[in-house]
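All heavy atoms count here, side chains included; hydrogens, waters and symmetry mates do not.
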Amino acid sequence: MKIVIIGASFGGVYCALEARRLYPDAEIMIIEKNEQFAFLPNGLLLYLQGVYENLADATFISKETLMKNNIQLRLQEIFLSCDGQEKTLQTDCGTYMYDKLVLATGSTQQSKVIELQEEEIYHYKTYQAAKYLLPKIEEAQEITLIGAGQAGMEAASVFIELGKKVHLFEAMDYPLFKYFDQDFLTPFLAAIEKIPQLDLRLNQRIAQIDQEELILTTVNVHPTETMSDVLATHSDLTIQTNDFLETSQKDIFAVGDLIQIPFTLTNEKIYLPQINHAVRSGMTAAANLVKPTKKFRGGLRMIGTKIFGWYLASVGLLESEAFLYPKKLMIKTTVIPASTTSKETLYCKLIIERKTQRLLGVQLLSQANCLAIIERCGWVIQQEMTIEALLEQDFFFQSQYSSTLAFLNDLFVGCDTDEI
Ligand SMILES: Cc1cc2nc3c(=O)[nH]c(=O)nc-3n(C[C@H](O)[C@H](O)[C@H](O)COP(=O)(O)OP(=O)(O)OC[C@H]3O[C@@H](n4cnc5c(N)ncnc54)[C@H](O)[C@@H]3O)c2cc1C
């Protein structure tokens with residue numbers, strides 16, 4: 001069996017590794033248009049923070065690992081089109097036959113809405129773009145960012161740490177709106193208002209850019225090569241797939257940021273471009289290459305990050321999305337110490353199904369590192385656990401490092417409750 005995968009990032013690479021595990025005799029080839037592969041989307045920021053010595057080191061897997069797994073990698077080769085009947089594909093270097101084709105060409109941050117100067121680069125998701133922008137960023141005293149989502153806020157935080165002034169434009173009335181309810185972010189928003197180098201402009205929709213200063217678009221990503229002439233697509237140009245990630249053409253699969261996935265709590269398909277979803281969809285597609293065996297389970301939209309010295313984490317349903325959920329909800333909010341020995345505060349907001357007490361969503365905010373808790377919360381939501389069942393689980397306790405039982409009890413017993 002000859003498996004060809006287009007795109008050597010999270011979706012494509014994990015699809016290839018899983019395919020190697022499942023089909024030891026298969027010929028597996030990945031085609032990638034860039035000179036560098038597996039580049040971390042925030043690699044530029046990590047380099048600027050001193051995490052890596054070289055920008056090119058900001059990758060999640062090495063070429064050697066792929067070689068060891070007998071996966072062929074063809075870099076600097078651009079996929080152009082495919083013919084699902086003939087089972088052939090074209091690149092700028094030639095034509096290939098395939099038995100199974102996996103599209104993992106991901107997404108871009110290049111805005112479709114803002115009028116941009118064509119010759120300029122505005123985003124740093126790829127190695128090439130990051131390499132191009134790096135000296136400009138290092139030189140700039142002031143940087144303008146468009147989009148105050150996770151990427152824009154993380155970039156603003158790093159640039160200000162480096163002593164730059166940041167102008168940050170956002171179309172919505174508060175930052176990080178996809179992951180947090182506005183009221184929950186009050187302490188964080190009050191704190192960042194006082195940062196003199198941050199010029200945050202809300203409710204501002206940018207339509208056009210004049211390149212007089214350094215401008216970066218940190219807007220929402222959207223799918224790249226969608227091949228809507230060959231494959232059925234949704235109105236947002238994501239590729240349509242069935243539950244097993246096969247497209248409208250037999251033996252052609254699509255994964256990662258190219259597709260919509262089920263949001264576990266409402267079961268509606270939405271665009272959730274995240275690394276974990278790309279990795280898991282890649283692996284699921286690999287499992288279904290020969291016959292449909294494994295449905296893709298979708299995701300919960302989990303994030304965890306550190307911005308301006310605050311740790312922010314969120315998973316599952318928000319209060320602002322309550323209208324999407326068919327049953328009545330209860331909102332619990334509490335403010336507790338981050339751990340038994342910590343003087344830092346942990347702000348928590350829980351979204352719970354009123355009748356069953358099933359946990360549906362969690363938001364956390366603290367100046368202490370609370371990020372590990374969100375994974376446990378995600379697991380609880382995934383398992384459809386009630387709060388009662390959660391309180392019966394075993395967790396480690398170490399007074400300095402864990403918030404465990406004290407945390408969970410405090411969270412569910414001593415907090416303010418609203419019914420919606
Ligand atoms: C600035 C930024 C920060 C982010 N931070 C996070 C984070 O902290 N956590 C998180 O979960 N998500 C984050 N994301 C989202 C995350 O980057 C994506 O969800 C993830 O990269 C998707 O992986 P993918 O494999 O589907 O596609 P991509 O990572 O987009 O990769 C697609 C690959 O296909 C290649 N390709 C495209 N077209 C062709 C072609 N025609 N021929 C050959 N190759 C092609 C591309 O060069 C690329 O290597 C961030 C995104 C951005 C922009």
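Under the 3.5 Å distance criterion, with hydrogens and angles disregarded, a donor-acceptor pair is assigned to the side chains of S107 and K125.
Counting non-hydrogen atoms of other residues, nucleotides and ligands closer than 6.0 Å to CD of E375 gives a total of 12 or fewer. Open room surrounds CD on E139; 12 or fewer heavy atoms of other groups in view lie less than 6.0 Å from it. At most 12 heavy atoms of other shown residues, nucleotides or ligands fall within 6.0 angstrom of atom CE in M67. More than 12 heavy atoms of other residues, nucleotides or ligands sit less than 6.0 Å from atom CD of E138.
Note on E18 versus R21: salt bridge recorded, some NZ/NE/NH1/NH2 to OD/OE distance being below 4.0 Å. Ion pairing of K165 with E213 is absent here, as no side-chain N (NZ or NE/NH1/NH2) approaches a carboxylate O to less than 4.0 Å.
Relative ring orientation between W310 and F188 is described as perpendicular, the plane-to-plane angle rising above 60° on a 0-90° scale split at 30° and 60°. Aromatic ring pairs are classed by plane angle as parallel below 30°, tilted from 30° to 60° and perpendicular above 60°; the pair F180 and F184 is parallel.
With sequence neighbours excluded, no residue forms a side-chain hydrogen bond (donor to acceptor under 3.5 Å, both in side chains) with D25.
Side chain of S248 to backbone of L231: no donor-acceptor contact under 3.5 angstrom is found.
Residue F296 holds its CZ atom at 14.0 Å from CZ of F253, rounded to the nearest 0.5 Å.
Within the 4.5 Å cutoff, no side-chain heavy atoms of V13 are placed close to those of T65. No side-chain heavy atom of M29 sits under 4.5 Å from any side-chain heavy atom of Y98.
Screening residues 20-59 for ring pair (Phe, Tyr, Trp, His ring centres under 6.0 Å), with sequence neighbours left out, gives F39-Y127.
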*Test log, rule side chain to side chain contact (heavy atoms under 4.5 Å, CB included), inputs Q382 and R297*: CA-CA 10 Å; Q382 193 87 50; R297 287 184 66 182; 3.1 Å; yes
